[in-house]
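These notes are about the structure you will find just below.
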Amino acid sequence: MLEEVERWLGRRSWSVADRPLERILAAKRNTKVSVVLPALNEEATVGDIVAVIRRELMSEAVPLVDELVVIDSGSTDRTAEVAAAAGARVVARDAILPRIPAVPGKGEVLWRSLMVTTGDVVCFIDADLRDFSADFVSGIVGPLLTDPDVDFVKAMYDRPFGDTPGQGGRVTELVARPLLNLHWPQLAGFVQPLGGEYAARRSLLERLPFPVGYGVELGLLVDALHTVGLDALAQVDVGVRKHRHQDGQALGRMAAAIYRTAQLRLSRGHLVRPRLTQFERGEKGFEPRTYAVDTEERPPMADIVEYARRRVA
């Protein structure tokens, strides 16, 4: 590990206990905090997450979060209804920036969320978390409110796989961590580089391009490093993350998108063939299934006309 990263780990890696809520609230002053949950068919978990945030971080006694928005990216279940009933403002992905046709993907939703939120600090939380703790929000928002030199904060945590501790995050260990260590060794200290829980200053997010799909976490992390430098990045230990795990083939598609995101940033070129073929056993043996790898990125939100007009207004 680079000496620079060792120093960074000692200076920019914290525990949620390092910043009590009282200290965070005292530092908040007029800073507005928005929490965004990207959601697709998450009716089983999204309501509990919203309820915890409303109860523990949006009360008169603890007014940490000013805005809680669920972006529904085309759910076919009761995600929108459950989230609204729990107290979130629900916005349909396709209703945001209708001039630009939406494409499937988590990064697409996060990018569009900047258009319908107003916080100086924006916090992203995945909507499939189980046994959710408000520490996931306060932990990663805290450094942005107490330290003006920090611009981007990732959550770190244990990721059990079923009942087995420490075996989650398979794409992280097999794809993202090797890529980062080899090509961006300054980022080797991040425990959960692909984690979906992170917060950043709007002034940074609006300057970054957003890969539309699974590559969004790696892309934002790498681009934030190049934009503001390692010392403006941080991570906070928030405990244990439990969520719905995807099957191996879905993870393969995720890995391909992440590799493509890394490749684009290494060369700013294009893949010769942005496709991934996987195999499933059918009635006649193994049958190929070919999927497109995400090849589109959204430009920095600051370049979008509608966003610029909103800021002027």
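The analysis underlying the following values was restricted to heavy atoms, covering all of them including side chains, and did not include hydrogens, waters or symmetry mates.
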Mind listing the closest non-hydrogen atom pair of [X] and [Y] along with its distance?
X: Leu208; Y: Leu204; result: CG-O, 3.4 Å
X: Gly215; Y: Thr261; result: CA-OG1, 3.3 Å
X: Met156; Y: Trp14; result: CE-O, 3.6 Å
X: Val150; Y: Pro143; result: CB-O, 4.1 Å
X: Arg298; Y: Arg112; result: NH2-NH2, 3.6 Å
X: Arg23; Y: Asp18; result: NH1-O, 3.5 Å

Would you please test Val62 and Leu25 for side chain to side chain contact (heavy atoms under 4.5 Å, CB included) and show each step?
-> CA-CA 8 Å; Val62 186; Leu25 289 169; 4.0 Å; yes
Could you walk me through whether Glu108 and Arg93 pass the salt bridge (charged side-chain N to carboxylate O under 4.0 Å, His left out) test, one step at a time?
-> CA-CA 9 Å; Glu108 176 83 352; Arg93 176 200 62 196; over 6 Å; no
Donor-acceptor check, side chain of [X] to backbone of [Y], threshold 3.5 angstrom: yes or no?
X: Ser133; Y: Phe136; value: no
X: Arg11; Y: Ala234; value: no
X: Gln192; Y: Tyr157; value: yes
X: Thr45; Y: Ala127; value: yes
X: Ser15; Y: Ala17; value: yes
X: Ser59; Y: Glu56; value: no
X: Asn41; Y: Thr76; value: yes
X: Glu206; Y: Leu114; value: no
X: Ser113; Y: Leu110; value: yes
X: Asp72; Y: Ala92; value: no

Would you call [X] and [Y] a side-chain contact if the rule is heavy atoms closer than 4.5 Å?
X: Glu81; Y: Ser75; answer: no
X: Arg12; Y: Asp147; answer: yes
X: Leu145; Y: Leu64; answer: yes
X: Ile100; Y: Ile304; answer: yes
X: Gln186; Y: Leu225; answer: yes
X: Met301; Y: Phe210; answer: no
X: Trp184; Y: Leu221; answer: no
X: Tyr198; Y: Leu220; answer: yes

What's the spacing between [X] [atom1] and [Y] [atom2] if we round to 0.5 Å?
X: Arg170; Y: Leu194; atom1: CZ; atom2: CG; result: 13.0 Å
X: Glu42; Y: Asp128; atom1: CD; atom2: CG; result: 5.0 Å
X: Leu21; Y: Leu57; atom1: CG; atom2: CG; result: 6.5 Å

Quick one: do Ile49 and Val240 end up in the same hydrophobic cluster if we chain Ile, Leu, Val, Met, Phe, Trp and Tyr together by side-chain heavy atoms under 4.5 Å apart?
-> no
Would you kindly confirm whether Val191 and Leu233 end up in one hydrophobic cluster when ILVMFWY residues are joined by side chain heavy atoms under 4.5 Å apart?
-> no
What class does the angle between the rings of Phe190 and Trp8 fall in, given that below 30° is parallel, 30 to 60° is tilted and above 60° is perpendicular?
-> tilted
Would Val141 and Ser138 satisfy side chain to side chain contact (heavy atoms under 4.5 Å, CB included), going step by step from the backbone distance to the final call?
-> CA-CA 5 Å; Val141 167; Ser138 60; 5.9 Å; no
Does Lys154 pair with Glu217 as a salt bridge, N-O distance under 4.0 Å?
-> no
Stepwise, does the salt bridge (charged side-chain N to carboxylate O under 4.0 Å, His left out) test hold for Arg207 with Asp151?
-> CA-CA 12 Å; Arg207 296 156 60 196; Asp151 289 327; over 6 Å; no
Which of Asp126, Val46, Ile53, Val50 passes side-chain contact (heavy atoms from CB on, under 4.5 Å) with Phe132? It is Ile53
So Arg310 and Thr118, side chain to side chain donor-acceptor pair (under 3.5 Å) or not? Walk me through it.
-> CA-CA 10 Å; Arg310 190 193 73 169; Thr118 58; over 6 Å; no
